[in-house]
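Below: the structure, in structure tokens.
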2 protein chains.
Amino acid sequence: MRSNESILISEHSTPSAAFAFRPVPKNRISEDALAQLVDMIVSGEVKPGERLPGERELAQSLSITRTSLREALRRLENMGLAAVRQGDGIYVRDFRREANLDFINFQAGRGAALEPQLLLGMDEARRLMSAMVVSLAARRADASDIKELRRVAGECPPDGSPELLSGKWDYDFYLTIALASKNRAFVCLINTMKGMFATFRPMYSHLDEGRRESIKDLNLRLVDAIESGDERAASAIVEERMRQDMEDLAKRAQSPEKRKSKTRKAGVK
Amino acid sequence: MRSNESILISEHSTPSAAFAFRPVPKNRISEDALAQLVDMIVSGEVKPGERLPGERELAQSLSITRTSLREALRRLENMGLAAVRQGDGIYVRDFRREANLDFINFQAGRGAALEPQLLLGMDEARRLMSAMVVSLAARRADASDIKELRRVAGECPPDGSPELLSGKWDYDFYLTIALASKNRAFVCLINTMKGMFATFRPMYSHLDEGRRESIKDLNLRLVDAIESGDERAASAIVEERMRQDMEDLAKRAQSPEKRKSKTRKAGVK
DNA sequence: CAATAAAATTGGTAGAACCAGTGTACCACT
DNA sequence: AGTGGTACACTGGTTCTACCAATTTTATTG
């Protein structure tokens, strides 16, 4: 028999290795095809309202089978990027006003370059929503929630460590807060944004160095605020911290020329 | 040739007919299969961590092909309800803490009964986020945004009309506000919640009757507040309105026995 | 008993055939 | 001229069968 029952579907293996592996380069040809289709759409290579080639021809162009292409199309229309209609064809939608969070999550999850304007917007949304969730958690968290929060907060990797940069810990922490808020809608929201944590954390990593207080200590203080039920104090902590981060990000986005030969964007190229 | 370019992918036909037709019974066997799988999971028929039958067997159980089943599985794992691993099998995940908004949207979109706790949470989230978006819109909307907002607000169907109950107008209005907020992340968020508008609107419909101000007038007033750039006033309008609605909903959810033979839930049955 | 290799199981792809809506053009009828 | 019907080509939707690839299990071997 295979693994059965009581097997948690955790996606982190972390075999105590010092390096953070990719969540698994899960090959799946439909994913690659999907990525190509998304690129075609966001790059403007195909415009909104336009009709794509038929599935047969499209599959041949991508050098895959129609079967695999169709699996990709299901997600493509699920992201709000395309409309597939039987007997008619595949139509490109206006991703600027019809795409949904699944699209953003997909882009962030594969490390695609997101437009600065979108990044700022997402960060703004993240900041506002985090404050909300924390506030709710402060109002409703019970003893077991606090215990769990403190446990996760205590597991926070040291500042600047690659484990922290992976964004996985951020996800765990916010998910725990959302669970404590007793609002399952926020839990779903956090899960939807899962792929984005890995995108944002590295952006602020350089800020962590100059911080007097370690991330772990800061968040432990946040848990204290939640435990005492002080909504204002709790939300203020995340508000203040994130506002600083965002302002810095905005500064860098607006005037990147001022950072001459300093850090040079760190790889990617 | 077929329709090409400049063809908006609008989902409303409304040929000035007095009757509202169904949006089309979009068949797609993978959708049905998906619905069944989702039901199995949320009903607890299969528990988190458990391993489902293989694709071949599962397909046979559902009386469909493996191909169609796989298209359903792609979305199932996309919702966070299952994990599919090659050579291993299909595992059920804990939807209570791993499901995302795509899941909620799917459930709401097909009219599935959502748990009261989840409904309240979603409504709470909707209220808070609406206030945020409106606030941002008040801060950043330009002349053309105001013009568009006023146009959409003016198209608001009369209170209680079936068109309004469909939730489509709510979606259009909030999407326009999100566009005015200049924050594309919120636009995506609204799109993600698209399927939920049809779920919530009917819940509040009975409140519209006793309202002194029609929905259209209320929202036109909201647009005025946005135009004047008064964040507090704008967010206050939606906050106040939605808070009332939610309190009433909570009241009904907690003590539904007090509504004896009054309106009797209106159909469904 | 541990390391290794083979077999069985399961998901992933491929390819072709056929079913089911859509759109178009053409034709008969009014 | 206008209406409705009809046949045909085209496109997505579904089915089948066979095979590839990763994982687990079992048997084999040193």
Side-chain angles (χ1 to χ4, degrees), chain A residues 1-5 7 9 11 13 15 21-37 46 49-78 81-93, chain B residues 1-5 7 9 11 13 21-37 49-78 81-93:
Chain A
M1 273 266 177
R2 277 171 161 78
S3 58
N4 198 356
E5 294 281 355
I7 296 293
I9 311 292
E11 297 178 358
S13 46
F21 293 97
R22 240 154 292 178
V24 159
K26 48 172 65 177
N27 283 341
R28 196 179 282 177
I29 204 169
S30 61
E31 286 287 285
D32 293 342
L34 179 59
Q36 289 190 52
L37 291 172
V46 292
E50 194 174 342
R51 183 165 148 278
L52 270 56
E55 290 187 352
R56 300 159 225 273
E57 183 180 348
L58 196 54
Q60 191 172 350
S61 300
L62 296 170
S63 302
I64 61 176
T65 325
R66 227 185 119 196
T67 313
S68 301
L69 172 62
R70 282 179 59 80
E71 290 189 18
L73 287 177
R74 288 297 83 77
R75 273 202 75 179
L76 196 67
E77 63 181 354
N78 191 219
L81 301 188
V84 182
R85 292 190 300 240
Q86 179 174 335
D88 195 347
I90 307 168
Y91 290 86
V92 180
R93 300 174 65 173
Chain B
M1 273 263 177
R2 273 172 165 75
S3 58
N4 198 356
E5 293 280 356
I7 296 293
I9 311 292
E11 297 175 2
S13 46
F21 291 97
R22 239 154 291 175
V24 155
K26 47 172 67 178
N27 283 340
R28 195 178 279 177
I29 201 170
S30 61
E31 286 284 288
D32 294 342
L34 178 59
Q36 289 191 51
L37 292 172
E50 194 174 340
R51 183 168 147 279
L52 270 57
E55 290 188 352
R56 301 160 224 271
E57 183 181 347
L58 196 54
Q60 191 173 348
S61 300
L62 295 171
S63 302
I64 61 176
T65 322
R66 228 184 117 200
T67 312
S68 300
L69 172 63
R70 282 178 60 80
E71 290 188 17
L73 287 177
R74 288 296 84 77
R75 269 202 80 180
L76 195 67
E77 62 181 355
N78 190 221
L81 300 188
V84 182
R85 291 189 302 238
Q86 181 175 181
D88 194 348
I90 308 168
Y91 291 87
V92 179
R93 301 175 64 173

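Lettering follows sequence order; numbering is per chain, from 1.
Closest non-hydrogen pair, B/V84 versus A/R28, comes out as O-NH2, 3.6 Å. In terms of heavy atoms, A/E55 sits closest to A/L73 at OE2-CD1, 3.6 Å. Across A/L69 and A/A59, no two heavy atoms sit closer than the pair CD2-N, 3.6 Å. Here the closest heavy-atom approach between residue A/A33 and residue A/A72 is recorded as CB-CB, 4.3 Å. Here the closest non-hydrogen pair linking B/Q36 and B/L62 is OE1-CD2, 3.4 Å.
When the nucleotides D/dT14, C/dT10, D/dG13 are ranked by their closest atom to the side chain of B/I29, D/dT14 comes out on top. Relative to the side chain of A/R28, the nucleotides C/dG12, C/dA14, D/dG13 differ in distance, and C/dG12 lies closest. Proximity note for B/R56 (side chain, C-beta onward) versus C/dG15, D/dT11, C/dG11: the nearest is C/dG11. Closest approach to the B/D88 side chain among C/dG23, D/dT24, D/dA22 is made by D/dT24 (side chain taken as heavy atoms from C-beta onward).
Here D/dG13 presents its P atom at 15 Å from CG of B/L34, a figure rounded to the nearest Å. Atom CZ of B/R66 is separated from atom P of C/dT10 by 11 Å (rounded to the nearest Å). For the pair B/L52 CG and C/dG11 C1', the interatomic distance rounds to 13 Å; values are reported in whole Å. With rounding to whole Å, A/E77 atom CD is found 11 Å from D/dG12 atom C1'. Taking atom CG of B/L69 as the reference point, atom P of D/dC16 lies 14 Å away to the nearest angstrom. For the pair A/R70 CZ and C/dC19 C1', the computed distance is 12 Å after rounding to whole Å. In this structure, CG of B/N27 is placed 17 Å from C1' of D/dT15, rounded to the nearest angstrom. D/dA21 atom C1' lies 13 Å from atom CD of B/E55, rounded to whole Å.
Residue-level contact check: A/I90 touches the backbone only, with heavy atoms under 4.0 Å from sugar-phosphate atoms and none from bases.
Comparing A/S68 and B/P53 by the nucleotide of DNA chain C that holds the closest heavy atom to each, the one mapping nearer the 5' end is B/P53. Between A/Q86 and A/E71, it is A/E71 whose nearest contact on DNA chain C lies nearer the 5' terminus. Nearest-nucleotide positions on DNA chain D place A/V84 closer to the 5' end than the other of B/T67 and A/V84.
OP1 or OP2 of D/dG12 has not a single side-chain nitrogen or oxygen of A/R85 nearer than 4.0 Å. Side-chain nitrogen and oxygen atoms of A/R51 include none within less than 4.0 Å of the OP1 or OP2 phosphate oxygen of D/dC10.
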